[in-house]
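Read through the structure below, which is laid out as structure tokens, and then see the notes.
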Amino acid sequence: MIFFLNRRCSVGCATCNAGCSPDNREILAAGWIGDFFSRGYPAITKPFSVWTGGEPFLSPNALTAGLQLCRKHNIHAEILTSGAWHRNRPDLLAWCAHAGPFTLRISLDAEHQQHVPLDDIEILIDHALALNIPVCFTLRDIPGHQGMTPEEFLDHLREQFPDWTAANIGNSRWIHRIPTIRTKLHPGSIPRTSTRKNRPDPNPEPCRLGFRDLVIGPDGLIYPCCGLFAIPGHRALALGDPLRSGGIIRTGTGNLSPILHKLKTKGPAYLLAQIDPESTRSGYLTENSQCTLCQILLRHPRMQSILSATGRSAAFYHSKPAAGAQPALTSGSRTALTVILPCAGSGERLGLTGPKELFQTASGYPLIRYSLEHIRTAIEASQPIRIAVVIRSGKESVAEYVSRFFPEQEHRICYFNEKYEEWPGSVFSAREVFSGRNLVLLPDSILSLSPTDPFRDPAGTPLCRLVENALHNRPVVFGVIPCRDPDRLRYLGALHFTREMKISAFQDKPRQGYDRFNGFWGCYAFRKSAGEVLYRFLLNSVRQVHSPVCTQPFHPASGILLNDYYDLGTWPSIKWFRNSSLYHQIHFSGDPEAAAG
């Protein structure tokens with residue numbers, strides 16, 4: 001089993017099979033790994049695991065969690081790395097060695113070594129050997145790329161480490177070579193998604209390598225190959241979600257799909273022959289000379305009829321993941337409401353050393369929990385919910401708290417995109433995971449729906465359901481709290497709402513003209529189609545740039561009435577909240593911890 005801990009890498013090779021880059025923030029959370037191991041992974045697979053990315057050492061918490069679990073279950077662990085991190089963080093090697101035994105596999109090719117000199121690799125090898133960490137290598141030839149060939153890398157290793165090389169030469173996994181696979185297809189039989197003109201004539205044989213591994217992507221889904229992640233829409237090729245409906249058991253035993261069995265035993269060449277028996281007549285190459293034939297075959301319309309002959313449905317290979325799989329906030333079902341928790345703020349107003357979202361206003365109640373209780377109430381009412389947590393580097397503990405709070409719930413971690421600005425940019429950083437309908441809950445605030453129940457309105461309806469119903473009629477919805485106090489409006493998102501609950505004026509933290517407003521917002525929601533326009537509008541409002549709400553494409557935005565709201569981002573507001581009736585209602589009316597399970 002191969003675990004992709006992230007798709008972030010400081011090297012950023014053009015031919016990376018995982019589409020990694022320094023700016024990619026997709027990660028596999030440490031909490032997810034613990035859940036995965038607890039679902040029976042050790043019982044259904046050979047005792048061997050590979051931890052990679054991206055760069056696995058850029059996810060040290062998840063990496064060490066995986067190593068500890070491998071040690072607990074007696075599973076061999078191997079870490080595949082470029083080694084680029086070692087110059088700045090050599091301490092990570094000993095830290096991981098303390099978590100559990102592993103083999104260090106270093107990737108060597110002309111492209112990596114443009115960024116990671118061999119001198120640095122030799123220092124890393126010396127350090128690993130001093131810690132009694134076995135070292136091995138993956139070699140890759142990149143046609144047309146200037147630099148050392150795999151043979152020259154091997155000669156260099158023999159020269160620099162002669163005794164060690166001689167001791168390892170009989171180890172079958174010491175050197176792993178990735179072949180450059182060129183394929184030939186009949187012209188027109190399969191769409192040419194990334195062709196390049198004037199290439200030399202490729203080899204006449206298509207790929208016959210059988211897939212031996214299953215892959216866990218950084219989205220927590222199962223894939224049949226480690227070379228899928230650079231392909232747009234790769235989640236359409238996911239085989240299942242291992243944390244749902246026993247997906248790992250079905251996938252691990254090979255019973256999920258006949259196509260996986262053929263790929264694992266006979267390789268893409270077998271599938272190619274089913275589609276086009278005369279496939280060796282003409283040439284086909286991918287953009288970077290890397291094999292993507294299997295991915296193209298999986299999408300081919302004729303694959304429908306081929307798999308139908310086996311009595312299994314193949315529809316999901318063309319457009320969506322396998323039956324029972326729940327893609328992580330992507331192109332799957334649009335029926336769920338996505339709740340976005342923007343947690344990328346620095347928390348300067350509180351002056352805390354840790355994330356403000358985890359500051360506890362009461363025992364067992366960090367700030368973010370008040371927002372999570374609204375989500376829990378909706379889930380308990382059987383409303384489909386998905387969660388997106390937006391953080392900055394160093395705030396992974398917030399995302400892990402959400403993961404522990406909702407261990408069975410679909411969620412996605414997004415990193416703040418520096419291209420966007422202010423708090424609206426924190427929300428818009430999750431744009432890739434927007435679903436048809438989206439709700440934004442501020443994790444340093446609390447809002448109440450009724451005097452008797454903070455998390456349900458007087459009719460017993462949860463906030464998420466109220467929002468979803470409102471979005472059926474309007475593209476943008478604000479949760480509105482009536483207020484005419486200038487001292488309060490100047491620090492909040494002031495607005496004016498009509499008797500029909502339409503938003504007729506809006507200004508973030510107004511500096512004057514407070515009589516124009518009769519309330520402020522405590523949450524907001526939007527359809528995906530309005531997401532970008534709304535971001536621009538909110539950003540202009542933060543910048544104090546006048547942009548009337550009545551001129552926006554989403555006008556008229558509507559409002560839903562909320563009972564009460566507290567911004568918990570400052571010490572005076574926290575003190576005020578602790579003295580409020582809402583605080584006593586939540587913490588002293590029954591046992592909230594018992595309700596939390």
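For reference, positions follow the sequence shown, starting with 1. Excluded from the calculations below are hydrogen atoms, water molecules and symmetry mates; all remaining heavy atoms, backbone and side chain alike, are included.
Using a 4.5 Å heavy-atom cutoff, the side chains of F434 and T338 are not in contact. Residues I33 and W51 form a side-chain contact, since some pair of their non-hydrogen atoms from C-beta on lies under 4.5 Å apart. Using a 4.5 Å heavy-atom cutoff, the side chains of D219 and E26 are in contact. Residues P56 and L80 have side chains not in contact (no heavy-atom distance under 4.5 Å, counting atoms from C-beta outward). Side-chain contact between W85 and L92: present, with at least one pair of heavy atoms (C-beta onward) separated by less than 4.5 Å. Within the 4.5 Å cutoff, no side-chain heavy atoms of E432 are placed close to those of C414. Side-chain contact between S435 and R386: present, with at least one pair of heavy atoms (C-beta onward) separated by less than 4.5 Å. A heavy-atom distance below 4.5 Å is not found between the side chains of V427 and V390.
Applying the 6.0 Å contact sphere to CZ of R71 captures more than 12 heavy atoms from other residues, nucleotides or ligands. Applying the 6.0 Å contact sphere to CG of N74 captures no more than 12 heavy atoms from other residues, nucleotides or ligands.
Salt bridge present: R392 and E418 bring a charged side-chain N and a carboxylate O closer than 4.0 Å. Between E532 and R431 a salt bridge is recorded (basic side-chain N to carboxylate O distance below 4.0 Å).
For the residue pair E78 and S49, no side-chain donor N or O sits within less than 3.5 Å of a side-chain acceptor on the partner.
Taking CZ of F416 as the reference point, atom CZ of F428 lies at 12.0 Å (rounded to 0.5 Å). A distance of 12.5 Å separates CD1 of I133 from CD1 of I125, quoted to the nearest 0.5 Å. Annotation: the span from I387 atom CD1 to I413 atom CD1 amounts to 11.0 Å, rounded to 0.5 Å. A distance of 7.5 Å separates CD1 in I121 from OG1 in T81, rounded to the nearest 0.5 Å. With rounding to the nearest 0.5 Å, the separation of CZ in F57 from CG in N88 is 14.0 Å. I27 CD1 to S59 OG: the interatomic distance, rounded to the nearest 0.5 Å, is 6.0 Å.
D120 contributes no side-chain N or O that, together with a main-chain N or O of H86, makes up a donor-acceptor pair within less than 3.5 Å. The backbone N or O of A84 lies less than 3.5 Å from no partner atom in the side chain of E55, so there is not a single donor-acceptor pair. Checked by atom type and distance alone, the side chain of S403 never pairs as donor or acceptor with a backbone atom of E400 at under 3.5 Å. Between the side chain of R105 and the backbone N or O of F137, at least one donor-acceptor pair lies under 3.5 Å. Remark: side-chain polar atoms of K395 are not paired, donor with acceptor, to backbone N or O of P355 under 3.5 angstrom. Checked by atom type and distance alone, the side chain of S429 pairs as donor or acceptor with a backbone atom of N417 at under 3.5 Å. Side chain of E396 to main chain of G394: a donor-acceptor pair is present (N/O by atom type, distance under 3.5 Å, no hydrogens or angles).
A pairwise comparison of heavy atoms in L58 and R8 identifies CD1-O, 3.7 Å as the closest pair. Between I75 and F48, the shortest heavy-atom contact is CG2-N, 3.7 Å.
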- request: Check the pair Q68, H73 against side-chain hydrogen bond (donor to acceptor under 3.5 Å, both in side chains), reporting the backbone distance first and the verdict last.
  value: CA-CA 9 Å; Q68 290 168 350; H73 294 283; over 6 Å; no
task: Determine, step by step, whether H127 and E122 satisfy the side-chain contact (heavy atoms from CB on, under 4.5 Å) criterion, reporting the C-alpha distance in whole Å, the side-chain angles of both residues, the deciding distance to 0.1 Å, and the verdict.
output: CA-CA 9 Å; H127 189 185; E122 291 170 11; over 6 Å; no
message: Show, in sequence, the C-alpha distance, side-chain angles and deciding distance for F4 and V215, and conclude whether the side-chain contact (heavy atoms from CB on, under 4.5 Å) test is met.
response: CA-CA 7 Å; F4 277 73; V215 177; 3.5 Å; yes
message: Go through it in stages, so that I can follow the logic: the residues are L358 and Y401, the test is side-chain contact (heavy atoms from CB on, under 4.5 Å), and I'd like the CA-CA distance, side-chain angles, deciding distance and then a yes or no.
response: CA-CA 8 Å; L358 300 184; Y401 176 83; 3.9 Å; yes
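Between Y535 and Y420, the angle of the ring planes goes over 60°, which puts this pair in the perpendicular group of the 30/60° scheme.
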Compile the donor-acceptor pairs under 3.5 Å between side chains in residues 93-103 and protein atoms, sequence neighbours left out, one pair per line.
{"from": "T103", "atom 1": "OG1", "to": "H76", "atom 2": "NE2", "distance (Å)": "3.2"}

